[in-house]
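Beneath this line is the structure, given in structure tokens, with notes to follow.
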Amino acid sequence: MITPRQTRLVRTAGLRAFQAAIAAAACDGPAAARRARAVIVPTRAAADELGRTIERVRPGGGPEPVAAPVLPDLVSRDDWYDLLHRRLATAPPRASEFEREVLFGRAARETAAAGAPPPFPLRPGLVVQMLGLYDELRRRHKTVEAFGRLLFSSLEPSADSDRGAARLVAQTRFMTGAFLAYERLMAASGRLDEHALRARLLDPSAGATLGHVIVTVPDQNADPAGLWPADFDLLARMPGLERVDVIATEEVLATGFLERLHNDLLPGIEEDRWTGAAEPPPVLLAPPGTRNVQGTFTQRTRNGHGADTEPGETSRRYWLVRDREEELVDAVRHIRASAPPGGEDRVAVVFQRPLPYVYLARHVFGAARMPYQAFDALPLAAEPYVSTIDLVLSAAASDFTRGDTIALLRSPHLALADDGAPLSAGETAALDCVLQHERHLGGADRLADLADRLERGASAAPAADVRRARRAARAAAAAARELAPLGPEAPPTTQLAVLAAFLDRHDRPPASDAAVRERELRARAAVRGAIDALARAHRGYDDAPVPFEDVAAALRRWIEGETFMPRTGDRGPHLVDAAAARYGDFDDVRLVGLVERDWPEASARNIFYPAWLLVQLGWPSEPDRLGGARAAFRDLLRLATSRLALSAFTLEDDALVRLSPFVEEIEDADLPVSVVDAPAARVFAHEALMDDPVAPGEMAGDAAAWLALRLARAPAGDPRFHGWTGPTDPGALRVSAVERYLDCPFRYFAAHVLRLGEERDEEPGLSALERGQLVHEVFERFFAEWQGQGRGAITASNLPEALRAFARVAEARLADLPEADRALERARLVGSAVASGFGARAFDFEVEADVEVVERLLEHPLAGEFVFATREGRRALELKGKADRVDLLADGTIRLVDYKLGRAPKTSRKIQLPVYGVCAEQDLAGRGGRAWRFGAAGYIAFGERQPFVPLAPRGKPFEEAVAAGVQRLVDSADGIAHGEFPVRPDEPYLCTYCPYPTVCRKDYVGDE
Ligand code: SF4
């Protein structure tokens, strides 16, 4: 028997009346009646806001707080089902999402094995999507049989002639089979999923769970957080439910929700209108007039309301800034400038997408020292502890390659060393160097072997690294050994037990800071709970062996979908999403993020069926969805009791974004407008530092100490501030170091005075340095062999022979490289079907030069005191260096060759060839009983279109180029001796490849 019930629709003019109507219905009657009542809201954040609002808003409208010691349950849809389940007298436990996924995965596999295979590979991610489709079908009140019938009748007629339709038929056959198998397995599991729970709640013998339900969300067609047809059916037929109130604004009802309520969802529903005091609209705070900006509109004159602008003037009614961070910065300025003391609690910053704003708020509000309150659920995946799981899964999946191993060792949440003491950054960095040196490509066995060799000192890596890396190597080898069972196919319970044991064994105590500690403990508990729940689900329903990637994918997917609700702050402006804001009571509202991708939010597309088929199954159309979003936006425009401001931005991820189409609603809302200037007050710490005069009193703690230090340092005009250290004694100068000085004096200072190690980027394959060494070695060996055979110049006639010899030499050297790097380096050196190799390109210039070579000196050292002719006269300098190749030619001249993997240096930085040439003249004087004259030089630069780049640019005398190079050497040597190391890159692009970006003060380059 169906319990007689009153179903009532309460229509409200706007959101303030909406809240008052909810408060009145929620607080109606005695405490016992409120305990049997639930208010359905879209999210937990909305429930939080509504709870506060009910405490402030007296039913019927009034300034005093309502006395409501017993509030009804304020619940999201999911929480409502949990509440109903808890209140059932007897009911089997609910199935967890893990259990449902495991059961559905098994149902899908069994269906495929029974002869209805899916037309796609059955990946774990797709199983979840199929389960989502099944849920939606059932929530739309469709049975599996109806789903199959409708799709087969639509698709089968064209399946013979249309491959797409035939594929959809096969897919539907598989889906219906899997859905039915899942229902069978679920029924046998002894658990209840949402659909089985609904069926049980509708059973006349179930007994009463709630007496009164207040629905404050629309249906799914109007709002993705709304109720489904099956939920409304439950409301219409659930035993014991005596009263259902649906409360909605006129804007939302006008989207078609009113019609659907009367016709389909709750036929016979009575209507009531909330009558409260008239709600004056908020004043719209608009920026000063702006002409002809994208997204502007023509302001109309109107009676009563309007900005102080002329008819026809073009203006914007929203603030337009660069990015989301600037939006929050602006919001903080406005709140500081306009909220009365203590009135910040009555301000809301409202966004559609919480994530970027809630994260940015920590930084922006923190910098302004403005407390704030945030209620939104954040992704669990963003919690620092969760990265640990990712590191463990990645290391196991990649079989402990260098990058994943080092990342795992660096995790601050794990204690991996055998003595329990944390590994230092230096030990991990040393192991990183050793692994690079050893060309480690992964493998638990190789790590064990390496740890053993390091103990015995049997590694060719630098001795200091070998000593320092031992503990880290033992830790890495032990971790790889412990996680080794995760490699092959195994029952999921076994794999999850290995993972859980690893985390238990190496868990590091959480941070000591109370707030961080609490979050960390919650994140740990959530992750460990998920591992245990997944293991329980597999143990109970399906423990067939699977590859570890499947288990890792299930865990990752759960982590990505899970949210975490760390409530932030208890005073200051509210940071709320648009769904929760509808339930908040605010004087000032600032709507942010008015861009296309936020307002309206994009809908999730079904990946299995096209929209035209889904509409037949009751899926909403795009206009329905947009209508609901637009109505909710219009409501928000009138939420504030006092003031409203809106903002948009132009850039996200360095790309231009378009304005939301909803900006047109601002004009139509017909709000009174007040044009205000942007507040100019200094509210951020950086403003206290950057604007004159610096305000030290604005800083506190470490920042104040740091500022005191900065203010006490040398004045900005002091040469020491600009890289002048005073005289130095560099000793014998390396020519390559002087070349670095020419690139940028500060780079020289970092490398040769401070002797800092280079910061290396992670690179797959050989590093640039390693590749340079390889190329130099191959050319050196080739020419040594060529010359050893009595061969001179490479000419057109011996070129093929030279190329064969070069390939042979290269192949021998390539054999020393790891297999993974060999193919790529072979293609570079000896070429491929589509490109010539370095050998052929280098020899071309020699063939063209066609001069007889008497002798080649390879990697020829040049060290000692050399004399140079400079503008100021002759100068002696002590130098050391090594010329790549010195060719002694039959005409008594010296030809210098320098190999470059990239491009030849710019003329203003050419130094090695001219200097080595002059040095070689002096060094080789008398060799072979004769004098030698420096006569030619050039770079073989493999990054150039024409690889041979002569020292002297076309049309310039060779001697002039040599003299200019020598002068650069002498000037640089003087700069180094005087201690002049300014930040002065010869070209800005050099900073891109600089190994010292983090110690460089390039911030003041532009000031000089
Ligand atoms: S980053 Fe640029 S300015 Fe700084 S040291 Fe390197 S090259 Fe010089």
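In listed order, ligands and their atoms are each counted from 1. Fair warning: this is a prediction, and the values are worked out from it, not measured in the lab.
Heavy-atom proximity to C744, at under 4.0 Å, picks out these atoms of ligand 1: 3 (S), 5 (S), 7 (S), 8 (Fe). Near F746, meaning under 4.0 Å from any of its heavy atoms, are these atoms of ligand 1: 5 (S). The P985 neighbourhood of ligand 1 comprises atoms 3 (S), with distances under 4.0 Å to a heavy atom of that residue. Near V983, meaning under 4.0 Å from any of its heavy atoms, are these atoms of ligand 1: 3 (S).
The closest approach between Y996 and ligand 1 stays at or above 4.0 Å for every heavy atom of the residue.
Ring geometry, Y989 versus Y993: the interplanar angle exceeds 60°, so the pair is classed perpendicular (tilted spans 30 to 60°). Between Y899 and H776, the angle of the ring planes goes over 60°, which puts this pair in the perpendicular group of the 30/60° scheme. Using bins of under 30°, 30° to 60° and over 60° for the plane-to-plane angle, the ring pair Y741/Y748 lands in the perpendicular bin.
For the 3.5 Å distance criterion, the side chains of D330 and S647 fail to qualify, holding no donor opposite an acceptor. A donor-acceptor contact closer than 3.5 angstrom is absent between the side chains of D884 and H860.
Here C991 has heavy atoms under 4.0 Å from ligand 1 in both its backbone and its side chain.
C1000 lies apart from atom 2 (Fe) of ligand 1 in this respect, since none of its N, O or S atoms is found at a distance under 2.8 Å.
More than 12 heavy atoms of other shown residues, nucleotides or ligands fall within 6.0 angstrom of atom CZ in R828.
For atom 1 (S) of ligand 1, the candidate residues are P995, C994, A750; the nearest heavy-atom contact is made by C994.
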